[in-house]
Structure formats: C-alpha cells, structure tokens
Amino acid sequence: MKYHFSFQNPSRQYIDIKFSVKVAGEKSIRFQLPAWRPGRYELGNFAKNIQKWEAFDEKEQPLDHKKLSKDLWEVDCQRAKKVMIKYNYYASDLNAGSTYLDEQQLYVNPVNCCLYVPGREDEEIELQLDVPKNFEIATSLKSKTGTKQDIQCAAGNFDELADSPFIVSPHLKRLEYKVDETTFYLWFQGEIEGDEDKLLSDFRAFSKEQGTLFGGFPFNTYHFLFHILPYKAYHGVEHSNSTVICLGPTYDVLKKDKLYDELLGVSSHELFHAWNVKRIRPAEMWPYDFTKENYSRLGYLAEGATTWYGDLMLYRSGAFDEKSFLKTFNQLLNRHFNNPGVRNLSVADSSFDTWLDGYQRGVPNRKASIYTEGALITFLLDLEIRKASNGKHSFDDVMRSFYSNFFLKGKGITENDYQATVEHFVGKGMDSFFEHYVNGFQDFMPLLKKATEKLGFEIKSNARENYHESYLGFVCEENKVTMIYPNSVAENSGLMVNDEIIRINGQQVNNDISEWTAFYSKQAIAFDINKNKGGSALVKMKAKGEMYYANYTIESLNSLNGDQTAFRKAWMKS
C-alpha cells in the first residue's frame with residue numbers, strides 16, 4: 001500500500017493525496033477514513049475536510065464507486081489490478097492533533113486524512129512526499145531512500161502510520177539528547193530562543209526518571225515535535241514514539257517565569273503517555289476502532305494517572321522544584337473543589353461521557369474531569385498503598401504491573417483489572433474507595449487532608465481575588481456570566497449563565513466587576529443585565545458571608561516530624 005502526498009498552491013491549504021492498493025482478487029474494495037483520533041475522545045468526522053474523491057485503476061481509467069456512509073466508500077475493482085484513490089484534504093487548523101498546510105510547512109497527522117482498507121490494516125505501507133527541495137522531515141517513521149524533493153518513509157501497518165505525525169518544513173530546528181541507549185529528538189517549527197543547555201538538561205532528567213520507573217524505554221528513538229506559535233497556545237497529543245505539542249506565545253516559551261514550566265509539564269505528560277494509553281490501554285481500545293466511539297470508564301487511568309505522573313516525574317527528577325510542583329498541585333485542587341459538577345457525575349461516568357461533551361464546558365455543573373479527579377485519585381491511592389505496605393509498594397508498582405501483566409501480554413485493562421491490581425498492592429479490598437470516589441461523589445477533602453499531612457503538607461482555602469466569585473457565587477469573562485455556583489446568592493437572585501452585566505449600582509462596568517462588587521459589598525447590589533436571548537433585567541443580591549468559589553493551596557508545614565520527613569523522602573525518590 002502506498003500513500004503519496006503533494007500540494008500545488010499552499011495558500012489554498014488543500015493537500016493532494018493518492019492512495020494505491022493492489023487488488024487481491026476482490027470484486028470490490030472498501031475505503032475507510034477514521035472518524036476520530038486517539039488522544040481525543042470525541043468524534044472528529046475528518047471526512048468533512050475532503051473536497052474531491054475519485055477512483056482509478058492502474059491505467060488511470062475511472063472506476064465506479066459509491067459512498068456508503070459519511071466516511072466509507074466502496075470501489076468496483078473487478079477488472080483492475082490496482083486501485084488508486086485520488087482525493088484532497090483541507091488543512092487549515094493548526095493544533096497538536098490536526099493537519100495543516102501553508103507556505104511554511106506541511107504538517108500531517110495521518111489519522112486525520114489517510115484512508116485504509118478494513119481487513120487489510122496489517123499490510124506494510126510506503127509513504128512518499130513530493131515537497132520542495134529545501135524541506136526537511138521530522139517524524140518517528142522509518143526513512144527510506146529518496147531525493148530531498150521525494151521524501152520516502154515506511155510503516156509496518158496502518159496503526160503505525162496513523163500514530164506517526166510528521167512536519168515537513170525548511171525551517172525546522174533540531175536538538176537531541178540521549179538517556180542510556182535511547183535518543184530523543186526535539187524538533188521546533190517556529191522561533192525558539194533561550195537557554196538550550198538547561199532545556200536539554202531538564203528534558204534528560206525527566207526522561208530518565210520515567211525510564212527508570214518502567215525499567216527502560218519501549219523505543220530506541222523518540223521525537224518531540226513542537227509548534228512554537230506567536231499567539232497563546234497550549235496543547236499536546238501523545239503517540240507511541242513521538243508527541244506533537246503546540247505552545248505560545250513565542251517570546252514566553254523558554255522564560256522560567258512565563259511558559260517554561262508549562263513546556264516541561266506538557267512534555268513530561270505526553271512522554272508518560274508513551275507508556276500509559278499508547279501501550280497500557282483500556283480494553284475497549286484494544287485495538288482501536290477508528291470508525292466510532294471507543295467508550296471506556298477508565299479515563300481516570302488514561303488521563304488522570306498521566307496528569308499526576310507527568311508533574312511528579314518533573315519533581316522527582318529535579319526539573320521542578322517544590323514551588324513549581326506545588327503550583328501544579330494547587331491547580332488540581334482548585335479545579336476539583338471549584339467544580340460542583342463532581343457532585344453530579346462521577347469520574348468514571350465522566351470518562352464514558354467524554355465522547356459526548358468532555359472537551360467543552362457543557363451544561364452547568366454537570367461532570368467531573370478525567371484529568372483532575374483522575375490525578376487526585378492516583379495520588380490518594382498511591383498514599384494508601386504506601387501506608388498499607390509500610391512503604392514497600394506504591395502506585396509505581398501498579399503502573400509497572402499494568403505494563404508487564406497487560407501490555408506485554410497483548411491485552412487491555414478493565415475496571416476490574418484496575419481495582420484488583422490496586423488491591424493486590426494495598427493488601428486488602430478497596431470496594432468502599434471505588435464506590436465512593438471513583439464511581440460516586442464522596443467529598444475528597446478528608447482523604448486529601450490526611451494524605452497531604454502524611455507528607456508534611458497542609459491544604460488551605462481562602463477567598464479568591466475576585467469578590468463576586470467567592471461571595472456572590474458567579475464567574476465572568478468579559479462581563480458575561482460563565483459559571484454560577486449552585487444555591488449561591490447569585491443563583492438564588494435569578495442571575496443566569498450567559499447574562500451580560502452592563503452596570504452595577506448604576507456604574508458602567510468594563511471588566512471591573514470584582515472591583516465594583518467589592519466596593520458595594522456592605523449593601524445590596526443591583527445589576528443591570530442584558531439577557532442572552534434579548535431583553536434586559538435588573539438583578540439584586542447581597543452577600544451573606546458564605547464562601548462559594550475559593551482559592552485552594554497546598555503548603556509545606558513549617559516543621560516536619562521524623563515520620564513526615566522519612567515518608568516525603570521515600571515518596572520523592574521512589
């Protein structure tokens with residue numbers, strides 16, 4: 001099977017693709033385009049980006065074909081030795097999981113735009129790129145011979161191709177480092193300036209820490225493909241032997257007090273995914289079915305454990321100091337405790353519903369987050385295992401067990417497998433924990449306080465900087481209400497999501513709602529509102545002293561006792 005990529009006028013942003021398949025006695029062949037991409041658990045319906053689709057035989061004679069569904073075609077090939085599909089793909093979105101074309105680069109996630117033949121996914125694949133002579137390729141795909149204008153690569157099967165993005169550009173910058181026998185490449189599309197020695201030192205540190213946890217790397221080479229963008233951006237997508245990361249604005253990326261910690265954070269997160277989700281995978285995604293939703297309730301493992309370990313690996317390796325690590329912990333606490341949705345849909349149910357609205361805010365206060373709650377669950381189970389085993393075991397052992405007892409044995413993980421593995425290292429049943437915290441809505445705070453105290457930390461909460469968030473119970477973006485806390489002063493006064501606040505006690509507002517509500521905090525406050533569907537209203541409310549949205553922080557105790565010091569040291573160096 002062979003794919004040929006080219007383009008005529010990059011400003012049009014249409015990529016021309018030719019897919020050639022040998023006929024093996026079939027009377028007809030079906031061609032499928034994926035409907036979603038791993039790493040994003042929602043349908044993408046990529047076929048909407050195809051403008052033209054034609055089928056030919058080896059003599060360039062047209063073949064009859066018909067479309068069977070939104071992304072499935074059938075071609076009559078009774079008299080053909082080879083079928084060639086010629087189509088184009090509109091590539092105008094630039095993010096870590098998209099496909100994009102302009103004058104500066106051809107960037108392809110093959111899972112977006114490469115057809116495959118159902119039932120023949122295991123056949124070897126050739127990839128040919130017809131690009132200008134000064135273009136260079138960044139990818140984990142194996143290179144074949146070819147001129148600079150005719151870049152050729154190979155994949156062992158469609159899964160490998162689908163999982164191997166590439167950037168072809170005349171502007172790529174490459175850095176590299178080694179950990180033991182594994183080589184890591186950092187490819188930058190876009191300007192990057194700063195302390196490259198520190199960058200490589202920190203990357204080497206967290207990479208080594210992750211390899212140590214799992215007893216080595218499952219690859220000989222790994223590629224970080226970075227899009228450094230001139231505007232605000234933060235997005236990463238995992239692959240088995242590579243990752244694509246978008247980050248910006250350009251001038252802040254390597255600044256410690258700006259985006260440098262975010263660069264390390266997303267990079268460590270995506271590298272950890274090379275084990276967790278790309279290899280350690282829910283049974284429902286073993287193998288992937290690219291044609292439809294792959295429902296799973298294990299998002300708290302796939303994304304939650306990765307969120308936790310991505311930052312923990314930075315802390316253990318020294319790439320993050322305590323301040324940087326606790327900043328990420330604070331973010332988890334604030335996202336969890338300021339999301340009333342955790343009381344309505346468990347993290348397991350929210351994982352299943354990721355396919356429905358997991359990447360959108362959705363209806364108010366509906367769901368938990370597989371990233372946030374999943375990370376906190378991983379932390380709580382880690383501490384439970386350490387306490388029950390007197391420090392002999394940790395969640396590290398759970399992850400290693402998932403890798404050796406499931407991935408290396410060619411199978412995915414079920415919910416029962418997850419709980420049974422945790423129980424094995426705890427040494428007792430954990431039905432209550434999973435019932436209340438994974439599949440239920442129990443308050444995390446009592447367990448979190450005990451766990452953090454064991455490590456010599458404490459959780460504090462106080463009012464947010466924005467008065468109206470803490471004491472009236474609503475959040476705004478550019479004067480428009482985006483969130484309202486249940487049973488808060490704001491909700492009980494009749495304020496609604498999407499209401500636009502125009503005046504407060506007669507004063508015109510201009511992104512200064514916090515200042516005006518704090519100024520009038522001792523009296524009733526009247527809000528002149530423009531309603532989302534038209535019309536206006538007057539809403540009055542008065543604070544009652546109760547706090548709704550709060551600011552949560554985890555801080556180290558001033559002095560640690562001997563047990564706390566020993567426990568934290570063991571936790572740091574596991």
Worksheet item: Run the salt bridge (charged side-chain N to carboxylate O under 4.0 Å, His left out) check on Glu74 and Arg30 step by step: do they pass?
Response: CA-CA 4 Å; Glu74 185 174 68; Arg30 291 187 173 186; 3.1 Å; yes
Practice prompt. Find out whether Asn95 and Tyr100 are in side-chain contact, i.e. whether some heavy atom of one side chain is under 4.5 Å from a heavy atom of the other.
Written response: no
Worksheet entry | Arg366 vs Asp357, salt bridge (charged side-chain N to carboxylate O under 4.0 Å, His left out): CA-CA, chis, key distance, verdict | CA-CA 10 Å; Arg366 187 180 102 81; Asp357 64 351; 3.0 Å; yes
Worksheet item: To the nearest 0.5 Å, what is the distance between OH (Tyr295) and CG (Asp289)?
Response: 12.0 Å
Worksheet entry | Side-chain heavy atoms of Leu332 within contact of Thr307, under 4.5 Å | yes
Discussion item. By the definition side-chain contact (heavy atoms from CB on, under 4.5 Å), identify the one residue from Val108, Leu94, Asp93 that meets it with Thr99.
Written reply: Val108
Worksheet item: What pair of heavy atoms forms the shortest contact from Ser268 to Met313, and how long is it?
Response: OG-CB, 4.0 Å
Fill in: More than 12 heavy atoms from other groups under 6.0 Å of NZ on Lys67
yes
Worksheet, complete the sentence: Value for OH (Tyr87) from CD1 (Ile17), rounded to nearest 0.5 Å, stands at 4.0 Å
Fill in: Distance flag, aromatic centroids of Phe224 and Phe203, threshold under 6.0 Å
yes
Worksheet entry | Arg204 atom CZ, neighbour heavy-atom count above 12 within 6.0 Å | yes
Worksheet item: Looking at Glu270 and Lys278, does any basic side-chain N land under 4.0 Å from a carboxylate oxygen?
Response: no
Worksheet item: Is it true that atom CD of Glu124 has more than 12 heavy atoms of other residues, nucleotides or ligands lying nearer than 6.0 Å?
Response: no
Practice prompt. Report yes if some heavy atom in the side chain of Phe158 is under 4.5 Å from a heavy atom in the side chain of Cys114; otherwise report no.
Written response: yes
Discussion item. Could you check whether any side-chain heavy atom of Phe188 comes within less than 4.5 Å of a side-chain heavy atom of Leu172, counting everything from C-beta outward?
Written reply: no
Worksheet, complete the sentence: Nearest heavy-atom approach of Val111 to Phe290 is CG2-CE2, 3.9 Å
Practice prompt. Please examine the side chains of Leu72 and Phe31, heavy atoms only from C-beta on, and report whether any two atoms are closer than 4.5 Å.
Written response: no
Fill in: Within 6.0 angstrom of Asn220 CG, more than 12 heavy atoms from elsewhere
no
Item to complete: Check whether more than 12 heavy atoms from other residues, nucleotides or ligands sit under 6.0 Å from atom CD of Gln51, and answer yes or no.
Response: yes
Worksheet item: What is the distance from atom CG of Asp311 to atom CZ of Phe329, rounded to the nearest 0.5 Å?
Response: 10.5 Å
Practice prompt. Taking the side chain as every heavy atom from C-beta outward, state whether Val438 and Tyr300 have any atom pair closer than 4.5 Å.
Written response: yes
Item to complete: Please lay out, stage by stage, how Asp353 and Ser350 fare under the test side-chain hydrogen bond (donor to acceptor under 3.5 Å, both in side chains).
Response: CA-CA 5 Å; Asp353 272 14; Ser350 296; over 6 Å; no
Discussion item. Check this for me: Lys82, atom NZ, are more than 12 non-hydrogen atoms of other residues, nucleotides or ligands nearer than 6.0 Å?
Written reply: no
Fill in: From CA spacing to verdict: salt bridge (charged side-chain N to carboxylate O under 4.0 Å, His left out), Glu262, Lys255
CA-CA 10 Å; Glu262 281 73 11; Lys255 290 182 179 178; over 6 Å; no
Worksheet entry | Side-chain ion pair, Asp261 and Lys256, N-O less than 4.0 Å | yes
Item to complete: Take Tyr177 and Leu186 through the side chain to side chain contact (heavy atoms under 4.5 Å, CB included) test and state the conclusion after the steps.
Response: CA-CA 9 Å; Tyr177 62 94; Leu186 280 66; 3.3 Å; yes
Discussion item. Please determine whether the number of non-hydrogen atoms from other residues, nucleotides or ligands lying under 6.0 Å from atom NZ of Lys48 exceeds 12.
Written reply: yes
Worksheet item: Got Glu415 and Ser296 here, is their nearest side-chain heavy-atom distance under 4.5 Å?
Response: no
Worksheet entry | ring pair (Phe, Tyr, Trp, His ring centres under 6.0 Å) evaluation trace for His227 with Tyr107 | CA-CA 10 Å; His227 290 283; Tyr107 158 52; 4.3 Å; yes
Practice prompt. Over 60° means perpendicular and under 30° means parallel, so classify the ring planes of Trp355 and Trp36, tilted if in between.
Written response: perpendicular
Practice prompt. Answer yes or no: are there more than 12 heavy-atom neighbours, outside Lys258 itself, under 6.0 Å from its atom NZ?
Written response: no
Worksheet item: Does Glu176 have any side-chain hydrogen bond (donor to acceptor under 3.5 Å, both in side chains) partners at least two apart in sequence or in another chain, and if so, which?
Response: Arg174
Worksheet item: Going by atom types alone, do Gln189 and Ser169 pair a side-chain donor with an acceptor below 3.5 Å?
Response: yes
Response to the item:
In this structure, CD1 of Ile280 is separated from CG of Leu298 (nearest 0.5 Å) by 12.0 Å
Discussion item. Is the ring pair His273/His269 parallel, tilted or perpendicular, if the boundaries are 30 and 60 degrees?
Written reply: perpendicular
Item to complete: List the steps and the verdict of side chain to side chain contact (heavy atoms under 4.5 Å, CB included) for Tyr41 and Glu293.
Response: CA-CA 8 Å; Tyr41 308 113; Glu293 298 92 341; over 6 Å; no
Worksheet item: Asp197: what forms a side chain to side chain contact (heavy atoms under 4.5 Å, CB included) with it, not counting sequence neighbours?
Response: Asp195
Practice prompt. Mind checking the CZ-CH2 spacing from Phe395 to Trp308? Nearest 0.5 Å is all I need.
Written response: 11.5 Å
Worksheet item: Got Ile192 and Lys173 here, is their nearest side-chain heavy-atom distance under 4.5 Å?
Response: yes
